[in-house]
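First up is the structure itself, then whatever we jot down about it.
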Amino acid sequence: MVKTDFGPPKYLDMMSDLCKRNYGKWKYHEVLDTGTLVHVAESGEKLYTVRAATPRLMHVDTLRAFCDLADKYCGGFFRFTSRHSIEFLVEDEANIEPLKAELHAMGYTPGGVGNTISNMLHTQGWIHCHTPAIDASGIVKSVMDEVFEYYKEAKLPARLRLALACCLNMCGAVHCSDVAIVGVHRVPPKVDDEKISKMCEIPNVVAACPTRAIRPEPAKKSVVVNEERCMYCGNCYTMCPAMPIFDPKNDGAAIFVGGKVSDARHPAMFSKLAVPYIPNEPPRWPTLVKTVRLLIDVYAKDAKEGERYGEWINRIGWEKFFKVTGLPFTDKHIDDYIFSVPTFRSTATFKW
Ligand code: SF4
Ligand code: SF4
């Protein structure tokens, strides 16, 4: 009989003896450089971590090469972080530099520890999903090439989390990242009356619309979209393949800033709209990359030590954010969704 429902392998079985011995008994850790950490246990034993960003989407040959490195320098042990970086767990300090040299030779630069930009969380894009407005891997490669210095060197006031989602489903962390790229559409879906009754559950389609822009059209066994009410979220297309929303000329990216998940100093924050639209420009997305770079450079220069992106904006105010970045403030920035009122200024305190 086929074995089912057996879950993932037990994580403790994949730890080195040193990790097992000191499990739950770590005393402190230090950042040795932007690619290396050391954890010291109560027993006095040390575990070194060498971290490097990966492109997340990897060939099995790459994974095998990582396994070979782990066999050579780490007793066969490595892991992936929640941001898809690889971490080699080194017990013999003498192995750190040779391991780093081999990683460099493979094209992987250790980094992403401390006040850096670590790996950019991202989604499927044009590689695999059917609802994206932008690609994921292509933009991530272009952005990370541009901001590589911030990954290698700790030059930022605090850590800076980059994320990308290729549609407003926001798979991943774009709603809670310091700088986030989100794919957006700008035209309503096209309703294929012929196919809709064969492919879609009409009540589900109607209920999928956050602005109630869709109503049934019983005579045609189809639906009608009130285009004045549609804000191009694409949720109806997720429910119904007969309502495609793609438009290569109008699809593109929005940029959000100022989100974080940690509660350090300030409670967690949602990211907010900074740039409503930048067109798709594959393969290197120069306008988008330039704008992300600008957003990071201004923060790096202006924020105080330890201040996350959203904390910096809270301190200087959104008026000054738009002034120092030089980005235009438009009607698109003003929240007009159901719970928008608390986002309006209800005080006379603001800067000219
Ligand atoms: S963000 Fe949207 S397009 Fe991208 S992987 Fe998720 S559902 Fe697909
Ligand atoms: S794209 Fe979004 S807002 Fe527009 S009709 Fe579909 S579900 Fe409604």
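For this chain, numbers begin at 1 and follow the sequence in order. Worth saying up front: this structure is predicted, and the values here are computed from it rather than measured. Atoms within each ligand, like the ligands themselves, are counted from 1 in listed order. Basis for what follows: all heavy atoms, side chains included, without hydrogens, waters or symmetry-related copies.
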K155 charged N/C atom sitting above Y150 aromatic ring, 6.0 Å / 45°: yes
Is any side-chain N of the basic residue among R293 and E149 closer than 4.0 Å to the acidic one's carboxylate O? yes
Would you mind counting protein N, O or S atoms that sit less than 2.8 Å from atom 6 (Fe) of ligand 1? 1
Step through it carefully: locate the ring centre of F270, locate the ring centre of F256, and say whether they are under 6.0 Å apart. no
The residue among Y277, W318, F322 that forms ring-ring contact (aromatic ring centres under 6.0 Å, His included) with H333 is F322
Got a sec, which pairs hit side-chain hydrogen bond (donor to acceptor under 3.5 Å, both in side chains) with one end in residues 160-179, sequence neighbours left out? S118-R161, D178-R308
For Y28 and H39, I'd like to know if the aromatic rings sit close, meaning centre-to-centre distance below 6.0 Å. no
Only one of V225, I202, V191 passes side chain to side chain contact (heavy atoms under 4.5 Å, CB included) with I214; say which it is. V225
Taking atom types as modelled, find out whether E91 and S16 have a side-chain donor-acceptor pair closer than 3.5 angstrom. yes
A correct count of protein N/O/S atoms found below 2.8 Å of atom 4 (Fe) of ligand 2 gives 1
Give me the other members of the hydrophobic cluster that Y337 sits in, counting Ile, Leu, Val, Met, Phe, Trp and Tyr linked by side-chain heavy atoms under 4.5 Å, directly or via other members. I338, F339
